[in-house]
Amino acid sequence: MENRSIAIDGPSGAGKSTLARLTAKKFGLIYVDTGALYRTVGLYAIRNKVTSKYEEGVKRLLPDIKIEMMYDNDGLQRMILNGTDVSEEIRTPQASIYASDVSAMVSVRSYLLNMQKEMAEKYDVIMDGRDIGTVVLPNAGLKIFLTAQLEERARRRHKELTDKKVAVTYDEVLRDIEYRDKNDSERSAAPLRAAPDAILVDTTGKSLDECFHIICALAKEKLDL
Ligand code: DC
């Protein structure tokens with residue numbers, strides 16, 4: 001139910017997915033990483049050699065895309081694209097750029113919106129993304145806008161990727177995040193915005209533990225968990 005759900009929005013690398021995963025585990029919520037949906041559409045465009053700025057071309061691909069979200073034993077979301085697990089492939093720098101580009105398209109956003117709403121109707125969720133508090137779950141019981149300074153976000157994302165053995169330099173990650181910050185905030189369709197009733201949490205200089213405590217306290221206060 002939406003009023004028992006949590007919306008977390010914010011720019012890339014603010015710590016949304018790590019914190020959402022921990023919070024989901026603690027309170028028995030289903031964690032939905034909505035960025036993975038846009039990444040999966042982006043990956044399909046890459047595979048079909050459609051440039052990510054060409055909306056008509058991407059739109060034409062949509063009927064051929066079947067996306068399923070599955071959860072492994074650790075509660076980690078796996079993305080299945082037309083029957084194949086693409087959870088690792090959607091994390092490459094190229095897939096990040098494509099995800100950001102296709103996410104500016106109204107056709108792609110409306111195609112993915114239903115899937116997100118259905119998940120939230122079936123389960124108590126913690127969903128992270130860019131427009132969760134503003135568009136997907138406007139009645140979420142708790143809305144958080146998570147942010148951090150650019151360089152810190154780039155450092156964290158670089159570590160996360162290198163830990164996963166993705167070959168990428170710090171400078172590439174920084175450029176990717178700068179590009180996506182601009183793209184995601186300046187697009188006209190559901191741009192990255194804090195909902196008016198979202199609580200701002202700046203994670204700059206804070207440890208994961210500190211941030212997790214802040215979010216747990218807010219969840220207990222607002223959702224009676
Ligand atoms: O959260 P992420 O970095 O995996 O998201 C990838 C891209 O998808 C991001 O640059 C913007 C887009 N996105 C979006 O537009 N709306 C969402 N709810 C989630 C992600």
Does L142 reach the side chain of I199, with side-chain heavy atoms less than 4.5 Å apart?
yes
Shortest non-hydrogen contact from K26 toward C216
CD-SG, 3.5 Å
Taking R187 for its side chain and A190 for its backbone only, find out whether a donor-acceptor pair lies under 3.5 Å.
yes
Any side-chain heavy-atom pair of Y123 and S5 under 4.5 Å
no
Would you say that S103 contacts R130 through its side chain, given a criterion of any heavy-atom pair below 4.5 Å between the two side chains?
no
If the condition is salt bridge (Lys or Arg N to Asp or Glu O under 4.0 Å), which residues does E151 pass it with, not counting sequence neighbours?
none
CE-CZ distance between M70 and R78, expressed to the nearest 0.5 angstrom:
9.5 Å
Stepwise salt bridge (charged side-chain N to carboxylate O under 4.0 Å, His left out) check, R91 with D163:
CA-CA 12 Å; R91 299 290 155 195; D163 284 353; over 6 Å; no
Walk me through whether E160 and R157 qualify under salt bridge (charged side-chain N to carboxylate O under 4.0 Å, His left out).
CA-CA 5 Å; E160 189 184 317; R157 182 50 64 89; 3.7 Å; yes
By side-chain hydrogen bond (donor to acceptor under 3.5 Å, both in side chains), which residues pair with R156, not counting sequence neighbours?
E152, T203
Restricting to non-hydrogen atoms, name the atom on A20 and the atom on I126 that form the minimum distance, rounded to 0.1 Å.
O-CG2, 3.6 Å
Members sharing V166's hydrophobic cluster, built from side-chain contacts under 4.5 Å between Ile, Leu, Val, Met, Phe, Trp and Tyr, are L150, L161, V168, Y170, V173, L174, I177
Co-membership, hydrophobic cluster, residues L29 and L76, 4.5 Å side-chain:
no
Within a strict 4.5 Å, meaning less than it, do heavy atoms of the Q77 and D72 side chains meet?
no
For the pair L218 and V201, evaluate side-chain contact (heavy atoms from CB on, under 4.5 Å) and give the outcome as yes or no after the intermediate values.
CA-CA 11 Å; L218 288 171; V201 177; 4.3 Å; yes
Which pairs would a plain distance check flag for residues 56-69, meaning a side-chain donor or acceptor within less than 3.5 Å of a matching protein atom at least two apart in sequence or in another chain?
residue : atom : partner : partner atom : Å
R60     : NH2  : Y54     : OH           : 3.4

Please list, chain by chain and in numerical order, all residues satisfying side-chain hydrogen bond (donor to acceptor under 3.5 Å, both in side chains) with K117, sequence neighbours excluded.
none
Could you check whether any side-chain heavy atom of T84 comes within less than 4.5 Å of a side-chain heavy atom of I80, counting everything from C-beta outward?
no
Applying salt bridge (Lys or Arg N to Asp or Glu O under 4.0 Å) to K182 and not counting sequence neighbours gives E186
Residues at least two apart in sequence or cross-chain that pass side-chain hydrogen bond (donor to acceptor under 3.5 Å, both in side chains) with K143, listed by chain then number, are D197
Of all heavy-atom pairs between C211 and K206, which one has the smallest distance, and what is that distance?
SG-CB, 3.7 Å
For the pair R39 (side chain) and A95 (backbone), establish whether a donor and an acceptor sit closer than 3.5 Å, ignoring hydrogens and angles.
no
Can any side-chain N or O of H213 pair as donor or acceptor with the backbone N or O of D209 at less than 3.5 Å?
yes
Would you mind telling me which of D131, I132, L137 makes a side-chain contact (heavy atoms from CB on, under 4.5 Å) with T134?
D131
Using a 4.5 Å cut-off between side-chain heavy atoms of Ile, Leu, Val, Met, Phe, Trp and Tyr, which other residues end up in the same hydrophobic cluster as Y179?
I97
Which ILVMFWY residues are connected to F145, directly or by a chain of links, through side-chain heavy atoms under 4.5 Å apart?
L192, L200
Nearest 0.5 Å, please: how far is CG in N183 from CD in E178?
12.5 Å
Under the salt bridge (Lys or Arg N to Asp or Glu O under 4.0 Å) test, residues paired with K165 that sit two or more places apart:
none
In sequence, state the C-alpha distance, the side-chain angles, and the governing distance for I6 and V125, and then conclude on side-chain contact (heavy atoms from CB on, under 4.5 Å).
CA-CA 6 Å; I6 302 177; V125 295; over 6 Å; no
Looking at T204, T147, D181, which hits side-chain hydrogen bond (donor to acceptor under 3.5 Å, both in side chains) with R153?
D181
Determine, step by step, whether Y31 and T23 satisfy the side-chain contact (heavy atoms from CB on, under 4.5 Å) criterion, reporting the C-alpha distance in whole Å, the side-chain angles of both residues, the deciding distance to 0.1 Å, and the verdict.
CA-CA 8 Å; Y31 167 45; T23 310; over 6 Å; no
Of all heavy-atom pairs between A148 and A14, which one has the smallest distance, and what is that distance?
N-CB, 4.4 Å
Minimum heavy-atom separation for T51 to Y98, with atom names?
CA-OH, 3.8 Å
Find out whether F212 and L19 are in side-chain contact, i.e. whether some heavy atom of one side chain is under 4.5 Å from a heavy atom of the other.
yes
Verify side chain to side chain donor-acceptor pair (under 3.5 Å) between D171 and T169, making sure each step is shown before the conclusion.
CA-CA 5 Å; D171 283 344; T169 66; 5.6 Å; no
Between OG on residue S96 and CD on residue E172, distance to nearest 0.5 Å:
11.0 Å
Tell me if a side-chain donor or acceptor on T162 pairs with a main-chain N or O of K159 at a distance below 3.5 Å.
yes
Under 4.5 Å between any side-chain heavy atoms of L81 and V41, yes or no?
no
Contacts of K220 meeting salt bridge (Lys or Arg N to Asp or Glu O under 4.0 Å) (sequence neighbours excluded), chain-then-number -> none
Got R180 and S12 here, is their nearest side-chain heavy-atom distance under 4.5 Å?
yes
Are the side chain of D128 and the backbone of S17 linked by a donor-acceptor contact shorter than 3.5 Å?
yes
Minimum heavy-atom separation for L146 and G15, please, with both atom names.
CD2-C, 3.6 Å
Which distance, rounded to the nearest 0.5 Å, do you find between the OH of Y44 and the CD1 of I90?
16.0 Å
Nearest 0.5 Å, what's the CG-CE distance between D9 and M127?
11.0 Å
side-chain contact (heavy atoms from CB on, under 4.5 Å) for T34 and V32? Distances and angles first, verdict last.
CA-CA 6 Å; T34 65; V32 185; 4.2 Å; yes
When you measure from the side chain of K16 to the backbone of P11, do you find a donor-acceptor pair of N or O atoms at a distance under 3.5 Å?
yes
CE of M79 to CD of E89: how many Å apart, nearest 0.5 Å?
13.0 Å
My understanding is that only residues two or more places apart in sequence, or in another chain, count here; which of them pass side-chain hydrogen bond (donor to acceptor under 3.5 Å, both in side chains) with Y38?
R109
